[in-house]
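The sequence lines fix the lettering, A, B, ..., with proteins before strands; numbering per chain opens at 1. Treat the numbers as computed from the prediction; the structure is a model and nothing was measured.
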2 protein chains.
Amino acid sequence: MRSATLHPLPEGGSRVMKPARRMGPANSETRMAMLDATERVLRDEGYAAVSSRRIAQEAGLKQQLVYYYFHTMDELLLATFRRRTERALARLRTTLESDHPLRALWEMISEQSVAGLSGEFMALANHHEGIRAEVTRYVEESRALEAQVLSRLMPKAQAGSPPLSAAALSMAMSSISQTLARETETGITSGHADIRAFIAWCLERFDPTEKSHS
Amino acid sequence: MRSATLHPLPEGGSRVMKPARRMGPANSETRMAMLDATERVLRDEGYAAVSSRRIAQEAGLKQQLVYYYFHTMDELLLATFRRRTERALARLRTTLESDHPLRALWEMISEQSVAGLSGEFMALANHHEGIRAEVTRYVEESRALEAQVLSRLMPKAQAGSPPLSAAALSMAMSSISQTLARETETGITSGHADIRAFIAWCLERFDPTEKSHS
DNA sequence: GTCTATACACCGATAGAC
DNA sequence: GTCTATCGGTGTATAGAC
């Protein structure tokens, strides 16, 4: 994948207008197949493998057809990410309606696929303008959603306890779950069992189950 | 960057032996310039931008010269990573000799460049065999080093406190510092101030300064 | 909407002269 | 050690027929 910023502007064209190539509709089945293919390649082979040829092959289509539905490869990537974040946010909202939102949240973000999603987005954002904006929007919104719900679980800050706000808890949980997932996939295990025990302790403390302590 | 696994084996060649192309020495100035250039391109433009042509340009050399010093681009990437991890481990050992090893460790891994290193390595490892092994070795070794030192700071597990082992603490610290660094670079700030306050509380608890409490 | 044909740049890697 | 020359493959993207 080379960046879209590399291809030159059309001669005499303005910076904003495209030379008016035809474009397919947003609700097309073929278009959706391309988004699906992009997700698969992205997850299995990394973003460097996302090319018009590779995606067309994955979807069983011709390479040039990609450019009927998307102006550039960047646009395809961005569309794929947007669809994904919308679904992730919808699922997050449902998850947070659980009777045990903290536990439900931890279980959800601990899934390899969910953790991998956020991780890949963040990695991509480093060198990709459009994705960066989308990632920022997604992370800020999900953190706000989580903090809103979690704050109800932790109203009392005791003297001997750490000053852990809901937003900080949300941030810590997502970073630890992502690292756990990523390291597990890589084959790293040091400290994993211990930190899972620590998390279990915290879950019990802030969101106790029926067989509650004392 | 395409993977080295894509180029075919030489006709009749074994899986192990290369066709004996000439190779330059390991201590060459030119070779080091290539490693430096690779680090720079990697950090500034991402690993997808690491090509023999781009690296040669960055180092002011001819593209084909890369193949005098490295058999493949994968080998160049790997050599760059190895040099980096060796330096990082050396610095970690020095840092852990501090009078306040926990604080020193947190300050070190909180540096944007250090956090970015580990993060980029992990991202690359996902789809790159050789790097994965190197990343695993590096993370396991640094976590063992940290746990060894940190375990001396936290011998007493109190009843009302979370069961946080040294290895778990090391793992939590690295994941949070990496996420903080990555998000900061992306422009995300939610929860950052709160979690920094939480970390400060933990540092004071496990590794108190002179103006100690009680 | 999907096809063929095609442009042009960049990629990894090699051969062999100097 | 560094050079020139070169190979086949892949990349983005467009034009225009059907």
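The side chain of A/Ser51 contributes no N or O atom lying less than 4.0 Å from OP1 or OP2 of D/dT10.
When only modelled atom types and interatomic distance are considered, B/Thr184 and B/Gln112 share no side-chain donor-acceptor pair under 3.5 Å.
Applying the salt bridge (Lys or Arg N to Asp or Glu O under 4.0 Å) criterion to B/Asp44, with sequence neighbours excluded, gives no partner residue. By the salt bridge (Lys or Arg N to Asp or Glu O under 4.0 Å) test, B/Glu111 is found to be paired with B/Arg91, residues two or more places apart in sequence or in another chain being considered. Evaluation of the salt bridge (Lys or Arg N to Asp or Glu O under 4.0 Å) rule for B/Arg196 yields no partner, not counting sequence neighbours. Shown here are the salt bridge (Lys or Arg N to Asp or Glu O under 4.0 Å) partners of B/Arg87, two or more places apart in sequence or in another chain: there are none.
As a whole-Å value, the separation of B/Met23 CE from C/dA15 P is 15 Å. C/dA13 atom C1' lies 16 Å from atom CD1 of B/Ile55, rounded to whole Å. Across the protein-nucleic acid pair, B/Leu76 atom CG and C/dC11 atom P stand 14 Å apart, rounded to whole Å. Rounded to whole Å, the distance from CZ on B/Arg54 to C1' on C/dA13 is 20 Å. In this structure, CG of B/Leu77 is placed 14 Å from C1' of C/dC11, rounded to the nearest angstrom. As rounded to whole Å, 18 Å separates atom C1' of D/dG11 from atom CZ of A/Phe70. Rounded to whole angstrom, the span from the OH atom of B/Tyr67 across to the P atom of C/dA15 amounts to 14 Å.
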Please list every donor-acceptor pair under 3.5 Å in which a side-chain atom of residues 63-70 of chain A meets a protein atom from a residue at least two apart or in another chain.
unit_1, atom_1, unit_2, atom_2, d
A/Gln63, NE2, A/Ser52, OG, 3.1
A/Tyr69, OH, A/Ser28, OG, 3.3

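Using a 4.5 Å heavy-atom threshold, the side chains of B/Glu75 and B/Leu78 count as separate.
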Sort me out a list of protein N/O and nucleotides 2-4 of chain D N/O pairs below 3.5 Å, or just none if empty.
unit_1, atom_1, unit_2, atom_2, d
D/dT2, OP2, B/Thr30, OG1, 3.4
D/dT2, OP2, B/Tyr69, OH, 3.0
D/dT2, O4, B/Arg22, NH2, 2.6

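Annotation: salt bridge (Lys or Arg N to Asp or Glu O under 4.0 Å) contacts involving residues 162-180 of chain A, sequence neighbours excluded, are absent. The salt bridge (Lys or Arg N to Asp or Glu O under 4.0 Å) analysis of residues 48-67 of chain B, with sequence neighbours excluded, yields the pairs B/Arg40-B/Glu58, B/Glu45-B/Arg54, B/Arg54-B/Glu58. Among residue pairs with one or both ends in residues 77-98 of chain B, those qualifying as ring-ring contact (aromatic ring centres under 6.0 Å, His included) are B/Phe81-B/Phe121; sequence neighbours excluded. The salt bridge (Lys or Arg N to Asp or Glu O under 4.0 Å) pairs that include a residue from residues 170-185 of chain B are A/Arg143-B/Glu183, where partners are two or more places apart or lie in different chains.
Residues of residues 35-45 of chain B having a heavy atom closer than 4.0 Å to DNA chain D: none are found.
Closest-nucleotide positions on DNA chain C for A/Gln63 and A/Gly24 were compared, and the one nearer the 5' end corresponds to A/Gly24. Annotation: of the two residues near DNA chain D, B/Pro25 and B/Arg53, the 5′-most nearest-nucleotide partner is B/Pro25.
Helix bend of the helix from C/dG1-D/dC18 to C/dC18-D/dG1: the angle between its two end axes, each built from five pairs, comes to 0° after rounding to 10°.
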